[in-house]
Amino acid sequence: MMESQQEPKVTIPPLIPLEYSNRVMLKTILECGDDEIGLFGKTVVVGGWVKSSKEVKREPVVAALKPPTAAEAFPPSPGPKELSCVEVVQSRIPFFKKIIRVFGVSSDSYPGVREKFEPVPKPPPPPPSKFFLQINDGSSISSLMVVIDSAIVPVSASHVLPTGTCILAQGVLEKSSSHGKQTIELKVEKILHIGTVEPDTYPLSRKRLPLDSLRDYPHIRPRTTTVASITRIRDTLDFAAHTFFHNHGFLHVQVPIITTIDSEGFSEKFQVTTSKKWGLGSGADADVRHETVKAEQHIEARDKSKLGTGVKPEVKEDFFGHQSYLSVSGRLHLESYACALGNVYSFGPRFRAEKTGSIKQVAEMWVVEVEMAFSQLKDSMKCAEDCFKFLCKWILDHCPQDMKFVTKRIDKTIVHRLEYMISISYERISYREAVDILRKVTDKTFETKLRWGVPLTAEHLSYLADDHYKRPVIIYDYPKAVKPFYVRLNDDGKTVAAFDMVVPKMGTVITGSQSEERLDMLSARMKEFDLSRDQYEWYQDLRKHGTVKHSGFSLGFDLMVLLMTGLTDVRDVVPFPRTHGKANN
């Protein structure tokens, strides 16, 4: 006897409500793959914002007409019937109306009679409608079709459901009745919340606003598919950065945003003050503003700055008693922890008050900074390369749907480029070698004349990575004049142990260096930069008490997001970009 064939077992994926909102994320419904059939018939609560809506009105059902029977077609003639008094009066109403018209009185003057004898029929109720809504809660690229039958779930006339409406509903998951890409939909049984929208003023009522227009609505643009996808990639990259350093034994250290030192000497800084001297007003308004941190562009040539010398009286009365700035870099502070704990890193915002029109620079940018004790330049370069490759691979492994969307909508080659940069080794050349290569270029004219000792411009770096090597390039041993004072001086006395990692189509993403651990060399470099010994006394102490060779780097986190998404303007990947003359929200 043949054994009966068993039906394949259906795997039912768990639909666990979120712990703090008692709803199911749409991602768990839309991205369950072949197990989707196991969700049919399940009752869930979902919420989101309407991406598109369609109302389909159903025609009222009209009963089919039957042919009359013989008795109905030819009824017997009725016999004489006695009329009641009311029926007699009603039969005389036409006669009474003629009399009223003769005397020139309108029948409208007697509404009671009209209402009694000529009732206005009520309009029939509107036919039931079906609302087909595509909603998204930000957890997935895809949206869920939500079907509302007004015959089952009444929707009041005031609750229109255009794009942007927020809805929270309970219903049953069913196989999709449409023939589109989606195979599952929610049939609503109960509406728990509707957040209405004003279609005339809602910025996203028009479809596919360009990214540059969306920058005017940073509080609304996360609802777009593109910005939502960028945000998920950014979040995944954030987690990946912490994962890499935790996996390699680094400790996370928070460094200050407000500082009294100039860690680089090349960037314009934001000054922090509570002084009323800076035109904050007077009276009650000034009392409120006095407690506000005011960032003022602090433009002083490095060779004229006298930090820590001749403190002005108004500075002494300021909140900190010293000239204070928003931090450009946290690596100097990070060194103090590296010289006690070994390998450390920080992750936070850094500020530059540069009136630049660069599409890869805003006033506030997030940076991952690393410092390693008992480490030299070559170790820092290797760690930077390993970290960069790890982040690229993590995004490809953990954001498949978002990367598929980015490939389709933004950059068709992005996935291939990331896979290529993961699999190859990076070119390492010295600054001198880079200059020699650029001098031999004959088929291209650079805007900036190149000579040894000047910084390499974005144009130079782009040629090396995009055209010459066609892969990421690490350039090291820069002239000492173009790098900060704390970078270790090489034996030639002309160059310092610093490096830049340049990536095709992006430019410099990582900058790093080995710090100067020799007190005499550090003091000499500070003197060259005309820096106050008192201001940096704590930094010199690290060389006096247990000095050690150490190196590190800074990774531009926003630039990494820009690279992963294939976009070109950093303002499109920073949630709330701050640029010169503009700080929305």
For a 4.5 angstrom cut-off between non-hydrogen side-chain atoms, does F351 reach V272?
no

Classify the side-chain pair E31/S140 by whether it contains a donor and acceptor separated by less than 3.5 Å.
yes

Side chains of S532 and D534 only: does a donor on one sit below 3.5 Å from an acceptor on the other?
no

Any luck finding a side-chain donor-acceptor pair between T495 and R432 under 3.5 Å?
no

Under the salt bridge (charged side-chain N to carboxylate O under 4.0 Å, His left out) test, which residues partner R471, sequence neighbours left out?
none

Do P349 and I257 come close enough that some side-chain heavy atom pair is under 4.5 Å?
yes

Show every donor-acceptor pair shorter than 3.5 Å between a side-chain atom in residues 229-238 and any protein atom, with sequence neighbours excluded, or say none if there are none.
{"residue": "S229", "atom": "OG", "partner": "D402", "partner atom": "OD1", "Å": "3.0"}
{"residue": "T231", "atom": "OG1", "partner": "V227", "partner atom": "O", "Å": "2.7"}
{"residue": "R232", "atom": "NE", "partner": "D402", "partner atom": "OD1", "Å": "3.2"}
{"residue": "R232", "atom": "NE", "partner": "D402", "partner atom": "OD2", "Å": "3.2"}
{"residue": "R232", "atom": "NH1", "partner": "G138", "partner atom": "O", "Å": "2.7"}
{"residue": "R232", "atom": "NH2", "partner": "D402", "partner atom": "OD1", "Å": "3.0"}
{"residue": "R234", "atom": "NH1", "partner": "D558", "partner atom": "OD1", "Å": "2.8"}
{"residue": "R234", "atom": "NH1", "partner": "V573", "partner atom": "O", "Å": "2.9"}
{"residue": "R234", "atom": "NH2", "partner": "D558", "partner atom": "OD1", "Å": "2.7"}
{"residue": "T236", "atom": "OG1", "partner": "R232", "partner atom": "O", "Å": "2.9"}
{"residue": "D238", "atom": "OD1", "partner": "H242", "partner atom": "NE2", "Å": "3.4"}

For R488, which of M521, R518, K483 qualifies under side chain to side chain contact (heavy atoms under 4.5 Å, CB included)?
R518

Are more than 12 heavy atoms, taken from residues, nucleotides or ligands other than K389, located less than 6.0 Å from that residue's NZ atom?
yes

Can you check side-chain hydrogen bond (donor to acceptor under 3.5 Å, both in side chains) on S375 and S551, steps first, answer last?
CA-CA 6 Å; S375 172; S551 67; 2.7 Å; yes

How would you list, by chain and number, every residue that makes a side-chain contact (heavy atoms from CB on, under 4.5 Å) with Q540, sequence neighbours excluded?
L519, L522, S523, M526, R533

Test salt bridge (Lys or Arg N to Asp or Glu O under 4.0 Å) applied to K494 and D492, step by step
CA-CA 5 Å; K494 297 180 180 180; D492 60 11; over 6 Å; no

Heavy-atom side-chain contact between F245 and C387 under 4.5 Å:
yes

Give the ring-plane orientation class for W394 versus H398, where under 30° counts as parallel, over 60° as perpendicular and anything between as tilted.
parallel

Within 6.0 Å of CZ in F576, more than 12 heavy atoms from elsewhere
yes

K378 to Y476 six-membered ring, cation-pi geometry met (6.0 Å, 45°):
no

side-chain contact (heavy atoms from CB on, under 4.5 Å) against D212, all qualifying residues, sequence neighbours excluded
P210, R215

To the nearest 0.5 Å, tell me how far R208 CZ sits from T225 OG1.
8.5 Å

Going by the side-chain hydrogen bond (donor to acceptor under 3.5 Å, both in side chains) test, which pairs reach into residues 435-444, not counting sequence neighbours?
none

Determine the minimum heavy-atom distance between I429 and A434, stating which atoms define it.
CD1-CB, 3.8 Å

Within the structure provided, determine whether C392 and L418 are in side-chain contact (heavy-atom separation under 4.5 Å).
yes

Output yes when a side-chain donor or acceptor of R543 lies under 3.5 Å from a complementary backbone atom of Y539, and no otherwise.
yes

Within a strict 4.5 Å, meaning less than it, do heavy atoms of the M403 and I414 side chains meet?
yes

Residue that, paired with F557, satisfies ring-ring contact (aromatic ring centres under 6.0 Å, His included) out of Y345, F347, W366:
F347

What distance do N343 atom CG and H248 atom NE2 have between them, rounded to the nearest 0.5 Å?
10.5 Å

Please collect all ring pair (Phe, Tyr, Trp, His ring centres under 6.0 Å) contacts where either partner lies in residues 370-389, sequence neighbours excluded, each pair once.
none

Taking the six-membered ring for Trp, are H460 and F446 closer than 6.0 Å centroid to centroid?
yes

So, do D466 and K505 sit near enough that their side-chain heavy atoms are less than 4.5 Å apart?
yes

Donor-acceptor check, side chain of S430 to backbone of D477, threshold 3.5 angstrom: yes or no?
no

Taking the six-membered ring where the residue is Trp, are the ring centres of F485 and Y536 under 6.0 Å apart?
yes

When you look at OH of Y426, are more than 12 heavy atoms from neighbouring residues, nucleotides or ligands closer to it than 6.0 Å?
yes

